[in-house]
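A short write-up of the structure that comes next.
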Amino acid sequence: MASETVTPRFGANYVPSAGWFYSWLDYDRDAVRRDFADLAGMGLDHVRVFPIWPWIQPNRAIIREQAIADLLDTIDAAAEHGLTVAVDLIQGHLSSFDFLPSWVLTWHKSSLFEDSTVRDGLTAYVDAVARAVATKPNVFAITLGNEVNNLWPDSPTTPETSTAWAQELLTTVKKAAPDVLALHSVFDDAWYKGDHPFHPVDAVDLGDLTTVHSWVFNGVSRVDGPLGPATLTHADYLIELAKATALEHDRPVWLQEIGVPGPDIPVDLQAEFTRRTVETVLPNPALYGVTWWSSHDIDRRLLDFPDREYDLGLFTVDHQRKPAAQALADVIAEVRANGVTQQSPATTLTAPINLRTEPARRAEVAPGSEFHLQWVDARSNGPVRIALP
């Protein structure tokens with residue numbers, strides 16, 4: 001049944017066009033503003049930005065003031081282009097590279113999650129950066145880090161430790177920035193891998209709303225190809241899993257990352273994938289917003305990235321709008337003009353497991369599982385809610 005008409009948020013995960021995230025080491029305020037002009041021009045309302053933890057806190061006792069000043073200038077640049085900002089803190093993991101300070105490596109080698117000294121250092125870092133960015137009125141969210149569960153198994157942890165770690169740092173964020181959304185972000189092994197030490201309950205119980213990252217190279221594109229129903233509905237499936245697992249069933253879900261990775265989504269199909277995937281997920285009543293990965297491509301003069309990471313941008317490094325960007329801009333224009341009519345699912349399917357209490361059985365809801373394929377088939381007739389047993 002149809003309900004109210006709404007306008008979800010649309011944004012991009014900001015990857016600087018000149019120098020990738022290495023650009024923080026040689027900050028260029030004009031280049032940032034040129035990038036944000038690209039994004040504002042296609043109708044986006046926000047960006048998610050990624051300061052690099054070891055470049056702000058190279059020693060446990062040092063928080064570099066100039067690095068924070070550069071971050072604040074980036075936030076101001078966004079405001080100049082009518083963009084609000086979400087800030088991720090612990091980078092952590094970006095585009096297949098990990099960035100960790102030397103004081104947790106070499107003979108100091110320690111787990112980010114288990115070692116109390118590292119946690120003390122992280123608390124100081126999180127507090128300092130959160131307090132600084134909270135002074136800017138266009139900052140609306142602070143996320144602990146980009147897919148922090150990618151830092152396991154190199155940093156050992158247990159489910160209990162992972163939960164406590166996130167709870168402690170989220171408390172630090174809320175004290176430092178009480179008027180800003182405080183969020184915890186994980187990639188989808190937390191939903192699909194039985195032995196993963198970050199659990200679905202952390203994604204839906206911790207923080208002010210739930211974030212999900214929908215990447216079809218997790219196996220879903222092998223189910224039925226780049227434009228098959230399983231591929232096109234994966235983002236909606238993750239949102240429904242999150243809704244089902246949350247104790248608060250009206251808890252919003254932010255589609256914080258989604259993109260067009262090759263070779264799973266060939267170049268000539270990326271515009272259609274973008275349009276159809278976004279149009280599929282927009283009527284979901286739980287949807288908070290859609291944030292595309294990423295704003296700009298990675299310059300191929302930079303070496304050693306996985307090949308698919310180079311071309312995920314909405315724009316090329318020389319600021320040319322790509323087909324996926326145009327498709328997304330067209331959808332945004334339509335939504336801004338007419339809104340989105342939310343739809344309540346007409347069908348409910350009960351999952352074979354309870355994700356809150358049986359995380360070891362997560363593979364039973366993973367892409368290609370019997371339940372997932374059943375849901376995809378039902379989804380062809382309209383929205384489908386998931387219930388836990």
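- For NZ of Lys175, the number of neighbouring non-hydrogen atoms (other residues, nucleotides, ligands) closer than 6.0 Å is 12 at most.
- Ring geometry, Trp165 versus Phe198: the interplanar angle exceeds 60°, so the pair is classed perpendicular (tilted spans 30 to 60°).
- A single hydrophobic cluster is seen to contain both Leu312 and Met42, as judged by linkage of ILVMFWY side chains at heavy-atom distances under 4.5 Å, directly or through other members.
- Below 30°, between 30° and 60°, or above 60°: for Trp103 and Trp53 the angle between ring planes is above 60°, a perpendicular geometry.
- For His199 and Thr163, the side-chain atoms include no donor-acceptor pair closer than 3.5 Å.
- Aromatic ring pairs are classed by plane angle as parallel below 30°, tilted from 30° to 60° and perpendicular above 60°; the pair Tyr237 and His234 is tilted.
- Between the Thr172 side chain and the Glu168 main chain, a donor and an acceptor come within less than 3.5 Å of each other.
- Considering Ser221, Pro263, Pro266 as possible partners of Pro226, the one that fulfils the side chain to side chain contact (heavy atoms under 4.5 Å, CB included) test is Pro266.
- Residues forming a side-chain hydrogen bond (donor to acceptor under 3.5 Å, both in side chains) with Thr350 (at least two apart in sequence, or on another chain): none.
- Defined by atom type and a distance below 3.5 Å, a donor-acceptor pair is present between the side-chain atoms of Asn284 and Asp236.
- Between the side chains of Asp224 and Thr231, at least one donor N or O lies within less than 3.5 Å of an accepting N or O.
- The shortest side-chain heavy-atom distance between Trp293 and Trp215 falls under the 4.5 Å cut-off.
- When all heavy atoms are compared, the tightest approach of Leu144 to Leu169 is CD2-CB, 3.7 Å.
- The environment of CD in Glu80 is crowded: more than 12 heavy-atom neighbours from other residues, nucleotides or ligands sit within 6.0 Å.
- Applying the side-chain hydrogen bond (donor to acceptor under 3.5 Å, both in side chains) test to Arg308 and every residue at least two apart in sequence or in another chain returns nothing.
- Classified by interplanar angle (parallel below 30°, tilted 30° to 60°, perpendicular above 60°), the ring pair Tyr27/Trp24 is parallel.
- Residues passing the side-chain hydrogen bond (donor to acceptor under 3.5 Å, both in side chains) test with Thr123, sequence neighbours excluded: none.
- Between Phe140 and Trp254, the two ring planes are tilted [angle within 30° to 60°].
- Residues Ser17 and Arg34 bring no donor and acceptor atom of their side chains to less than 3.5 Å of each other.
- Using modelled atom types and a 3.5 Å distance limit, the side chains of Thr233 and Thr280 yield no donor-acceptor pair.
- Between Phe99 and Trp20, the ring-plane angle classifies as tilted under the 30° and 60° cut-offs.
- With no hydrogens or angles considered, a side-chain donor-acceptor pair links Gln256 and Thr143 at under 3.5 Å.
- The environment of NZ in Lys193 is sparse: at most 12 heavy-atom neighbours from other residues, nucleotides or ligands sit within 6.0 Å.
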- Decide yes or no on salt bridge (charged side-chain N to carboxylate O under 4.0 Å, His left out) for Asp311 and Arg300, but give the supporting numbers first. CA-CA 9 Å; Asp311 301 315; Arg300 285 190 173 268; 2.6 Å; yes
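- Placement of Val49 and Ile63 within a single hydrophobic cluster is found when ILVMFWY residues are connected by side-chain heavy-atom separations under 4.5 Å, directly or transitively.
- Smallest separation of non-hydrogen atoms from Phe113 and Val148: CZ-O, 3.6 Å.
- Looking at Tyr192 and Asn218, their side chains never bring a donor and an acceptor atom within 3.5 Å of each other.
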